[in-house]
Amino acid sequence: MQAWIMLGAAGLLEIVWAIGLKYTDGFTKTVPSIITISAMAASIWLLAQAARTLPIGTAYAVWTGIGAVGAALLGMMLFSESANAVRLGCIALIVAGIVGLKVSSPS
């Protein structure tokens, strides 16, 4: 269970750094750049720790899925990105994939 908690935290940090990229302005703003790079490093470290126990395919897919869903939803909220039905349906499919990988994982 600890591996899944680490993987969840890694995914949340992936959202932080993905959204942070927008605020770094191409890494020209110091504080957002430091936060983004720190979140990247911590996210990858937590993913590596979770992958010690979980299958790498599952861990990586869940990590990227959490990041993709979170970044897409926050993009809609923070940056007025499109929230049309097709886009929301595709996000729901990603969530279904994450849940399916979790449920079918032996660890």
Side-chain angles (χ1 to χ4, degrees):
M1 186 53 119
Q2 184 177 357
W4 284 103
I5 293 168
M6 286 189 287
L7 185 58
L12 293 175
L13 285 168
E14 186 184 5
I15 297 167
V16 171
W17 70 256
I19 295 300
L21 287 173
K22 192 79 164 170
Y23 291 102
T24 68
D25 196 27
F27 291 105
T28 61
K29 295 183 178 176
T30 305
V31 173
S33 295
I34 291 169
I35 292 168
T36 299
I37 292 167
S38 298
M40 285 177 177
S43 179
I44 291 171
W45 184 83
L46 285 166
L47 171 62
Q49 298 310 303
R52 294 170 75 185
T53 304
L54 301 173
I56 190 62
T58 299
Y60 185 74
V62 170
W63 179 68
T64 58
I66 292 169
V69 168
L73 293 175
L74 283 175
M76 291 175 205
M77 290 186 268
L78 298 173
F79 309 120
S80 301
E81 295 175 1
S82 173
N84 63 51
V86 172
R87 194 159 190 229
L88 293 172
C90 290
I91 290 169
L93 289 172
I94 295 169
V95 171
I98 293 168
V99 171
L101 286 169
K102 168 63 173 109
V103 171
S104 67
S105 179
S107 297

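The chain is numbered in sequence order, starting from 1. This is a predicted model, so every value here is computed, not measured.
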Rounded to the nearest 0.5 Å, what separates atom CG in L7 from atom CD1 in I66? 5.5 Å
Check for me, please, whether L78 and V31 land in the same ILVMFWY cluster - side-chain distances under 4.5 Å, paths through other members count. no
Okay, side chain of N84, backbone of R87: is any donor-acceptor separation there less than 3.5 Å? yes
Within the distance-only criterion (no hydrogens, no angle test), does the side chain of T64 pair as donor or acceptor with the backbone N or O of Y60 below 3.5 angstrom? yes
Can you get from V103 to I98 by hopping between Ile, Leu, Val, Met, Phe, Trp and Tyr side chains that sit under 4.5 Å apart? yes
From T36 atom OG1 to L13 atom CG, the distance as rounded to the nearest 0.5 Å: 11.5 Å
Specify the closest pair of heavy atoms between A3 and A50, including all atoms of both residues, with the distance to one decimal. O-CB, 3.4 Å
Check against side-chain contact (heavy atoms from CB on, under 4.5 Å), L12 and V16: CA-CA 7 Å; L12 293 175; V16 171; 5.9 Å; no
Of the non-hydrogen atoms in A10 and S43, which two are nearest, and what is the gap between them? O-OG, 2.8 Å
Say you draw a straight line from CD1 of I19 to CG of L73; how long is it, rounded to the nearest 0.5 Å? 9.5 Å
Exam field: side chain T24 to backbone K29, donor-acceptor pair closer than 3.5 Å: no
Exercise: identify the closest heavy-atom pair between V69 and I91: CG1-CG2, 3.9 Å
Worked verdict on L88 versus M76 for side-chain contact (heavy atoms from CB on, under 4.5 Å): CA-CA 10 Å; L88 293 172; M76 291 175 205; 3.8 Å; yes
For L101 versus W4, what's the shortest heavy-atom pair and its separation? O-CH2, 4.5 Å
Hydrophobic cluster identity match, L74 and I35, side-chain contacts under 4.5 Å: no
CD1/I37 to CG/L21 distance, rounded to the nearest 0.5 angstrom? 9.5 Å
Please say which of L46, T53, L54 ends up in a side-chain contact (heavy atoms from CB on, under 4.5 Å) with M6. L46
Is it possible for you to say whether I56 and W63 belong to one hydrophobic cluster, with membership spreading through side-chain heavy-atom contacts below 4.5 Å? no
Within residues 6-56 or reaching into it, pairs that qualify as ring-ring contact (aromatic ring centres under 6.0 Å, His included) - sequence neighbours excluded: Y23-F79
